[in-house]
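Only a predicted model underlies this, so the values are computations on that prediction, with no experimental measurement involved.
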Amino acid sequence: MTEPLVRAIEAALFAAEAPLEPSELVELLGGAGRGDVNRALAVLVEDYRDRGIHLVERGGRWHFETSPDLAHLLRREREQQRRLSRAATEVLA
């Protein structure tokens with residue numbers, strides 16, 4: 001496994017519209033073996049462990065996500081106004 005492979009996987013995951021499976025990374029990077037991709041993913045997980053974003057695997061697919069301890073900074077709460085149904089308005093009346 002080489003530094004260029006780690007960088008290529010990092011770039012691919014960052015630019016991907018959806019989480020990627022290791023097999024998709026192998027296909028995308030052409031020439032990288034499955035074992036090399038898995039080792040590169042392990043390197044990236046460790047590199048991002050103490051940062052504001054983490055590399056995580058869910059359901060066999062890999063993606064970047066906000067570190068759990070910082071997620072509250074990015075959460076926006078929106079107040080939604082809902083109209084009551086006619087029946088609900090009659091009950092309240």
- Item | Nearest-0.5 Å distance, CD of residue E46 to CG of residue L41 |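 Reported to 0.5 Å precision, the distance equals 13.5 Å.
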- Query: Atom CZ in R39, atom CD1 in I9: separation rounded to 0.5 Å?
  - Reply: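 It comes to 10.5 Å.
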Looking at every heavy atom in both [X] and [Y], which two are closest together, and how far apart are they?
| X | Y | answer |
| --- | --- | --- |
| A12 | L25 | CB-CD2, 4.0 Å |
| P22 | G60 | CD-O, 3.4 Å |
| V37 | A32 | CG2-CB, 4.0 Å |

- Sequence neighbours left out, what passes ring-ring contact (aromatic ring centres under 6.0 Å, His included) with F64? Give chain and number order.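 So F64 forms a ring-ring contact (aromatic ring centres under 6.0 Å, His included) with Y48.
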- Item | Pairing residues for E17 by the side-chain hydrogen bond (donor to acceptor under 3.5 Å, both in side chains) criterion, not counting sequence neighbours |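 Listed in chain order: nothing, the list is empty.
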- Counterpart residues, side-chain hydrogen bond (donor to acceptor under 3.5 Å, both in side chains), relative to D69 (two or more places apart):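 side-chain hydrogen bond (donor to acceptor under 3.5 Å, both in side chains) check on D69 returns S67.
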Looking at residues at least two apart in the chain, or sitting in another chain, which of them share a side chain to side chain contact (heavy atoms under 4.5 Å, CB included) with [X]?
| X | answer |
| --- | --- |
| E65 | V56, R58, H63 |
| A8 | L29 |
| V45 | R49, L55, W62 |
| R7 | E3 |

- Item | Pairs involving residues 8-27, ordered by first then second residue, that meet ring pair (Phe, Tyr, Trp, His ring centres under 6.0 Å) (sequence neighbours left out) |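 Output for this query is empty, none listed.
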- Message: Per the salt bridge (charged side-chain N to carboxylate O under 4.0 Å, His left out) rule, what does the pair list look like for residues 21-31, sequence neighbours excluded?
- Response: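 Applying salt bridge (charged side-chain N to carboxylate O under 4.0 Å, His left out) to every pair that reaches into residues 21-31, excluding sequence neighbours, yields E21-R61, E24-R61.
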- Message: In this structure, would L13 and L28 fall into the same cluster of hydrophobic residues linked by side-chain contacts under 4.5 Å?
- Response: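 The answer is no; the residues belong to distinct hydrophobic clusters.
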- Among all residues two or more places apart in sequence or in another chain, which pass the salt bridge (Lys or Arg N to Asp or Glu O under 4.0 Å) test with R83?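 Checked R83 against salt bridge (Lys or Arg N to Asp or Glu O under 4.0 Å); zero matches.
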